[in-house]
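Only one structure is covered here, and it is reproduced in the block below.
Heads up: numbering here begins at 1 and tracks the sequence.
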Amino acid sequence: MDDMRLALLLNAVSPAIGGVLVRGEKGTAKSTAVRALAALLPPVDRVAGCRFGCDPAAPDPTCPDGPHPAAGPVERRPARLVELPVGAAEDRVVGSLDLEKALAEGVRAFEPGLLAAAHRGVLYVDEVNLLHDHLVDLLLDAAAMGRCHVEREGVSVSHAARFLLVGTMNPEEGELRPQLLDRFGLTVEVAASRDPVVRVEVVRRRLAADADPAGFAARWAAADAEVAARVAAARDRLDRVLLPDGALRQIAEVCAAFDVDGMRADIVTARTAVAHAAWQGRDRVTADDVRVAARLALPHRRRRDPFDTPGLDEKRLDEALQRARDEHPDDDPPDTGPSGPGDPGGPDGGGPGGPSAGGPGGGSGPQPPDGGPPDAAGGPQDAGGAPDHDHDPPARTGPTSPPAVDDRWPDRAAADGGPDAGDRSGRPDDGSADHAGARAGRPGQGGTANPGDAAGVGSVAVPQRGLTARLFTAPGVGDGVPGRRSRARTGRGRTTGARVPAGRPTAVHLPATLRAAAPHQARRGRCDGRLLLRPDDLREAVREGREGNLVLFVVDASGSMGARQRMSAVKGAVLALLTDAYQRRDTVAVVAFRGAGAQVLLPATSSVLAASARLAELPTGGRTPLAEGLLAAADLLRVQRLRDPRRRPLVLVVTDGRATAGHRPLERSARAAAVLAATGAPCVVVDCESGPVRLHLAHRLAGQLGAAHHRLDTVTADPLAGLATVGANRSVR
């Protein structure tokens, strides 16, 4: 975990970098590393009694608890680690009006939120990709500006909020938008080691820590103190580090070579290079510092759409650095070489076991009595470093890629037989154009993302550029999570009414509160002056906005779809709908049916990238078990309703309506449609039937489901083609 530790420590040295986003598979100690960082930060002094943690040496002149006297009492406390829960409301994050004081004393008092508590400490957001987008915007704005501005319920407050922002996420559960990714200073990918020796050592240490937590911490206290002292020394050195013009040109060359948007990448890379030089004990930025900074600051800024995966081609990085050296050789920042202190893999660098990685491997820490092997430097072996064994550890590997062919599908084409079986190989009869395109490149509807973008991502289908999806919404007004698809009562949006709050009101509806209190003023003894309010007078605002839905794709992958060369068009339409679901903050799930059964290819997730990967691997062939597909969709909806009852579903059935598998398939399909319709989920049938002779079976299925019916060619549209057609028609007229 060398990159993760280095990124965390560089942010500890210079919080102006803008935080770090840790992406990785589950069970890789992301949260453990972040919580351990707070103990390594130097303690802070604050003005005694200040709820906003003002620094006595430079108090905030606009602090709501100020002004503070110049020689007032001072308190010293450890650096705080404030954790932001995923379900936190906006008023808990930024603060709000203290309603108790407002009602009891008639004064406007501000109640600080988590951003005030995290000032001069660490703000940790676990599963940041599951946090509502508007809250992520608030966090990143505060982290970038160093201040929190609150405008709520008649309260206008601004206070300092400088903190080290750390977010962790599992990409399988969904991605952050590229605009939000760009706001994080650094990002790192983590994965569990595949080396058995390293895994054994991890288990050994975990068991030792569980058996004797205090003793385990004591064994590592000296190493922790060494790293903490180094962080403090790097902070003191930071202002003295020189960033020469040659290093700036290298940074600009690298950012231009990777075609990143805006200038934030250049600024963050420069700040990171300065912090790395300070961490290495140097007073001047070198080429190695620039390279390390670019590896941490650029991968996530290369994303353009949800089907792009973060990653960085290190060969291109070296070429860009060399190009900058060749163009400006005179002012090239010095390179200390592979054995000097600036080398990330050297004894003083950021490589495995080095102290810049944050572990004690570079120092002379105590020998762990729990049986851990010593490292090369004589100290306790660092969990992310090279263990002491006879052979070199294998290269760091990312998460394993999904198989190119999904072997969970039985090959039933030969057993099913019949005219609907399609290609006996299980592939479409269109020359495998779609499957080949899914592995050949990006331009086609079945293209893939660049395989060098990120480790652990196999074939990923991407939509045709410029293809937009038709908007499908759930009827009525829901109470779901905020999003951008269907109408819903949410915490954000236009005010449509007022209600008695069930708990603490999220937003006070002032006119309704006054109307509720007005009839009781005489009985309460009011003669003149201010209005007399009671807690039961409070009314909260009812706001209507948009919600995100569960978009369930039920895709027909039978031979009839492949034999008639329609699967490529179907995948293109589904990919356009997936892009639309990503933009509207939906979760998605995929059920496919072929042969003699149906399978949940992807449970409900907000990861559109995972859905597109499953779609790229989707085989076709065999009979059409339509009934099984509809029943599988009904089962998934039932389970998901228990897990997330507030999120309304929207079912998109993509099929030609044929049913050929099993006994009396059409009757069984009609009964299955009744089961799916009984769930109450709104459905849309996307009719894939084509050709001169049509049976209109999908239209009949839509009637059985009580669903809207749309032809495949009406689900997507190319806006540029539409404009060209309009222009052509006008010219003809």
Side-chain angles (χ1 to χ4, degrees), residues 1-15 20 29-46 55 74-82 120-122 124 163-164 166 201-202 204-206 208-238 240 275-282 341 344 346-386 388:
M1 305 297 180
D2 306 312
D3 287 345
M4 176 176 66
R5 291 179 301 169
L6 181 59
L8 291 172
L9 288 167
L10 292 182
N11 271 273
V13 172
S14 176
V20 57
K30 301 184 294 293
S31 301
T32 302
V34 175
R35 293 187 177 101
L37 175 67
L40 302 178
L41 299 180
V44 297
D45 294 331
R46 70 160 186 167
D55 186 354
V74 176
E75 296 176 347
R76 171 161 289 193
R77 70 179 186 190
R80 281 184 175 177
L81 172 67
V82 177
R120 306 172 66 201
V122 179
Y124 171 47
F163 48 83
L164 196 167
V166 182
E201 180 64 15
V202 171
R204 180 183 292 116
R205 293 192 185 186
R206 175 56 190 263
D210 291 341
D212 184 11
F216 186 84
R219 296 174 198 139
W220 293 90
D224 287 346
E226 180 183 347
V227 177
R230 188 173 177 186
V231 170
R235 283 187 172 186
D236 294 337
R237 187 182 297 111
L238 190 65
R240 303 194 301 271
H276 189 263
W279 174 249
Q280 296 293 335
R282 293 190 295 267
D348 194 31
S356 76
S364 56
Q367 178 74 17
D370 58 355
D375 69 355
Q381 178 205 351
D382 187 52
D388 186 13

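Annotation: the span from R120 atom CZ to L41 atom CG amounts to 12.0 Å, rounded to 0.5 Å. Taking CG of L37 as the start and CG of L164 as the end, the distance is 6.0 Å to the nearest 0.5 Å. L9 CG to H276 NE2: the interatomic distance, rounded to the nearest 0.5 Å, is 10.5 Å. Distance check: Y124 OH to K30 NZ gives 7.5 Å after rounding to the nearest 0.5 Å.
In this structure, M1 and L8 have side chains that are not in contact, with every pair of non-hydrogen atoms separated by 4.5 Å or more.
Residues M4 and A33 approach most closely at CE-CB, 3.6 Å, considering heavy atoms. For P213 against A211, the heavy-atom pair with the smallest separation is CD-C, 3.9 Å. Nearest heavy atom pair, residue A275 against residue L238, reads CA-CD1, 3.8 Å. Here the closest heavy-atom approach between residue F216 and residue A208 is recorded as CD1-CB, 4.0 Å. Across A232 and P42, no two heavy atoms sit closer than the pair CB-CG, 4.2 Å.
Legend: residues meeting salt bridge (Lys or Arg N to Asp or Glu O under 4.0 Å) with R77, ordered by chain and number and at least two apart, are absent. Partners of R235 by salt bridge (Lys or Arg N to Asp or Glu O under 4.0 Å), not counting sequence neighbours: none found. The salt bridge (Lys or Arg N to Asp or Glu O under 4.0 Å) check on R80 picks up nothing, with sequence neighbours excluded. By the side-chain hydrogen bond (donor to acceptor under 3.5 Å, both in side chains) test, D45 is found to be paired with R76, residues two or more places apart in sequence or in another chain being considered. Every side-chain hydrogen bond (donor to acceptor under 3.5 Å, both in side chains) that R46 has, sequence neighbours left out, goes to E75. The side-chain hydrogen bond (donor to acceptor under 3.5 Å, both in side chains) test applied to R35 returns E83, not counting sequence neighbours.
The backbone N or O of A7 sits less than 3.5 Å from a side-chain atom of N11, completing a donor-acceptor pair.
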